[in-house]
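Quick caveat, the model's predicted, so the values are computed rather than measured. Below, all heavy atoms of this structure are taken into account, side chains as well, without hydrogens, waters or symmetry copies.
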Amino acid sequence: MGKDMINASLVIYHNSKKDVNKLLDCVLSCPIDNLFIIDNSRNDFYRTLECRSEKIRYIHNENIGYGASHNIAIRESIDMGAKYHVVLNPDIYFQDGTIETIAQYMDNNEDVGQIMPKVFYPNGDLQYLCKMIPNPVDLIFKRFLPSKLIENRLYKFQLRFTGYDKIMNVPYLSGCFMFFRVSALKQVGLFDERFFMYPEDIDITRRMHRLYKTVFYPYASIVHEHAAASKTNKRMLKIHILNMIKYFNKWGWFFDKERRMVNNALLKELNY
């Protein structure tokens with residue numbers, strides 16, 4: 001127990017043990033106090049990971065979905081009185097000092113409820129993961145259109161015009177690395193468990209954005225070995241589309257007043 005406790009959670013499903021251990025190396029060398037590994041795999045092959053450190057708590061679980069699985073750990077963080085909780089993807093890694101840098105910024109800015117750092121591919125290319133609140137064209141129909149037709153739209157939607165070189169208050173941050181203030185999560189609620197996978201990061205960021213700043217922080221960075229499974233796997237594509245339909249059923253398809261207001265305010269703030 002402690003007022004400055006930083007916890008983290010990692011949801012895995014038959015992931016590469018090499019990738020998972022690479023992330024664990026990062027976690028175990030930084031000031032994360034507890035790491036909850038929620039394993040949704042069909043077996044508990046990864047239970048041995050718990051032997052690596054007393055920081056690790058392994059939970060073998062039925063596959064209830066990405067957000068619902070992280071909620072198991074977030075509820076533990078709330079019960080433990082943790083100050084921050086970090087949601088991690090198994091395909092990321094980061095350098096020493098990353099967690100400390102972000103935590104320090106959060107300590108100094110209590111109006112910030114959530115942070116995402118700069119995200120790179122392993123080859124050093126930037127990933128454009130700061131986004132406006134999406135409409136159906138941005139998330140569903142774009143998959144079936146020629147890339148040239150949506151290139152200009154993506155330039156605006158992904159805020160590429162900003163250069164990704166300054167702190168920005170963005171209403172949609174990627175779920176590959178989400179650094180949350182636990183007290184803020186208690187106010188806005190945890191991941192919406194009706195989403196099995198994919199839009200849970202959009203949903204929780206825009207809910208957080210209502211009450212707190214949701215910040216892109218370019219002075220810390222991670223590497224994300226992004227696989228984009230739904231682009232190559234028909235089953236994952238189906239899951240993606242079905243959950244996006246659930247998202248737009250919740251927030252509105254083409255009539256979403258909040259989306260229009262938030263996006264207009266964002267573009268004005270960024271002088272676009």
Side-chain angles (χ1 to χ4, degrees), residues 1-11 26-27 30-38 55-57 59 64-89 92 94 97-119 129-131 133 167-195 199-220 222 250-251 258 262 265-266 269:
M1 302 286 182
K3 64 179 182 177
D4 295 322
M5 180 184 291
I6 303 174
N7 288 349
S9 53
L10 169 65
V11 173
C26 301
V27 171
C30 77
I32 287 177
D33 296 285
N34 300 283
L35 172 65
F36 298 91
I37 298 178
I38 315 298
K55 288 184 177 184
I56 298 174
R57 180 180 169 193
I59 301 171
I64 58 175
Y66 185 82
S69 297
H70 277 293
N71 281 348
I72 294 171
I74 295 172
R75 292 186 185 102
E76 293 278 356
S77 284
I78 291 172
D79 290 343
M80 296 169 74
K83 186 173 186 179
Y84 302 122
H85 187 97
V86 194
V87 168
L88 303 168
N89 258 28
I92 69 165
F94 48 85
T98 299
I99 299 298
E100 295 92 325
T101 299
I102 295 173
Q104 184 63 55
Y105 182 81
M106 293 282 271
D107 287 344
N108 295 335
N109 296 272
E110 295 188 358
D111 58 343
V112 176
Q114 177 184 340
I115 278 186
M116 183 190 76
K118 190 174 275 192
V119 183
L129 301 180
C130 294
K131 299 169 185 173
I133 296 177
I167 294 172
M168 299 185 288
N169 183 23
V170 179
Y172 170 16
L173 298 171
S174 169
C176 69
F177 182 103
M178 308 180 87
F179 196 108
F180 289 112
R181 188 181 303 278
V182 172
S183 59
L185 283 173
K186 289 168 69 176
Q187 282 187 273
V188 306
L190 310 189
F191 286 111
D192 187 331
E193 298 188 6
R194 81 187 77 182
F195 306 127
E200 69 284 324
D201 53 355
I202 314 170
D203 176 83
I204 200 168
T205 307
R206 70 180 290 181
R207 284 189 283 120
M208 183 71 74
H209 193 75
R210 286 171 167 173
L211 299 178
Y212 292 86
K213 289 182 179 179
T214 50
V215 165
F216 166 70
Y217 188 70
Y219 306 115
I222 65 167
K250 174 180 179 178
W251 289 98
E258 181 181 86
V262 170
L266 173 64
E269 182 178 338

Subject >> Nearest-0.5 Å distance that lies between atom CG in Leu185 and atom CG in Leu190 >> reply: 6.0 Å
Original post:
Can you find a pair of side-chain heavy atoms, one from Lys83 and one from Met106, that are under 4.5 Å apart?
Top reply: no
**OP:** State, with a plain yes or no, whether a side-chain heavy atom of Ile99 is found less than 4.5 Å away from one of Phe94.
**Re:** yes
Subject >> Test item: Tyr105 and Val215 side chains (from C-beta on) under 4.5 Å apart, heavy atoms >> reply: yes
Subject >> Over all atoms of both residues, closest heavy-atom pair of Pro171 and Leu266 >> reply: CD-CD2, 3.7 Å
Original post:
Does some side-chain heavy atom of Tyr217 sit less than 4.5 Å from a side-chain heavy atom of Val112?
Top reply: no
**OP:** First locate atom CD1 of Ile222, then atom CD1 of Ile102, and finally report the distance between them rounded to the nearest 0.5 Å.
**Re:** 8.0 Å
Subject >> Lys/Arg-Asp/Glu bridge criterion (N-O < 4.0 Å) met for Glu193, Arg75 >> reply: yes
Subject >> Any residue meeting side chain to side chain donor-acceptor pair (under 3.5 Å) with Ser9, in chain and number order, not counting sequence neighbours >> reply: His70, His85
Original post:
So which heavy atom on Val27 is nearest to which on Lys55, and how close?
Top reply: O-NZ, 3.9 Å
Original post:
Does a side chain donor of either Tyr212 or Asn109 reach within less than 3.5 Å of an acceptor in the other side chain?
Top reply: no
Subject >> Stepwise side-chain contact (heavy atoms from CB on, under 4.5 Å) check, Lys250 with Asp192 >> reply: CA-CA 11 Å; Lys250 174 180 179 178; Asp192 187 331; 2.8 Å; yes
Original post:
When rounded to the nearest 0.5 angstrom, what is the spacing between CZ in Arg181 and CD in Gln187?
Top reply: 10.5 Å
**OP:** Give the minimum heavy-atom separation between Asn89 and Gly175, together with the two atoms involved.
**Re:** OD1-O, 3.7 Å
**OP:** Would you check if Ser174 and Val119 make a side-chain contact, meaning some heavy-atom pair closer than 4.5 Å?
**Re:** no
Original post:
What residues form a salt bridge (Lys or Arg N to Asp or Glu O under 4.0 Å) with Arg207, not counting sequence neighbours?
Top reply: Asp203
**OP:** Please list, chain by chain and in numerical order, all residues satisfying side chain to side chain contact (heavy atoms under 4.5 Å, CB included) with Arg57, sequence neighbours excluded.
**Re:** Phe36, Glu50, Ile59, Glu76
Original post:
Where is the tightest heavy-atom contact between Glu200 and Phe195, given as atom of each residue plus distance?
Top reply: CA-CD1, 4.2 Å
Original post:
Partners of Asn34 by side chain to side chain donor-acceptor pair (under 3.5 Å), sequence neighbours excluded?
Top reply: Asn7
Original post:
Rounded to the nearest 0.5 Å, how far does CG of Asn71 lie from CD1 of Ile38?
Top reply: 10.0 Å
**OP:** Evaluate the side-chain contact (heavy atoms from CB on, under 4.5 Å) criterion for residues Phe191 and Val87: first the C-alpha distance (whole Å), next the side-chain angles of each, then the deciding distance (0.1 Å), finally the verdict.
**Re:** CA-CA 11 Å; Phe191 286 111; Val87 168; 4.0 Å; yes
**OP:** Enter the distance from Met208:CE to Thr214:OG1 here, rounded to the nearest 0.5 Å.
**Re:** 8.5 Å
Subject >> Glu258 atom CD, neighbour heavy-atom count above 12 within 6.0 Å >> reply: yes
**OP:** Can you see which heavy atom on Pro117 is nearest to which on Phe216, and at what distance?
**Re:** O-CE1, 3.7 Å
Original post:
In chain order, what residues pass the side chain to side chain donor-acceptor pair (under 3.5 Å) check against Gln114, with sequence neighbours excluded?
Top reply: Thr205
Original post:
Between Arg210 and Val262, is any pair of side-chain heavy atoms under 4.5 Å apart?
Top reply: no
**OP:** Report the C-alpha distance between Tyr84 and Asp107 in whole Å, list the side-chain angles of each, state the deciding distance to 0.1 Å, and finish with yes or no for side-chain contact (heavy atoms from CB on, under 4.5 Å).
**Re:** CA-CA 10 Å; Tyr84 302 122; Asp107 287 344; 2.5 Å; yes
Subject >> Atom pair OH/NZ of Tyr219 and Lys118 - distance to nearest 0.5 Å >> reply: 8.5 Å
Original post:
More than 12 foreign heavy atoms under 6.0 Å from NZ of Lys186: is that the case here?
Top reply: no
Subject >> side chain to side chain donor-acceptor pair (under 3.5 Å) involving Tyr172 - partner list, sequence neighbours excluded >> reply: none
Original post:
Given the rule in the side-chain contact (heavy atoms from CB on, under 4.5 Å) test, do Leu35 and Leu88 qualify, once you have shown the distances and angles that lead to the verdict?
Top reply: CA-CA 10 Å; Leu35 172 65; Leu88 303 168; 4.3 Å; yes
Original post:
Looking only at heavy atoms, what is the nearest atom pair of Gly189 and Ile204, with distance?
Top reply: O-CD1, 4.0 Å
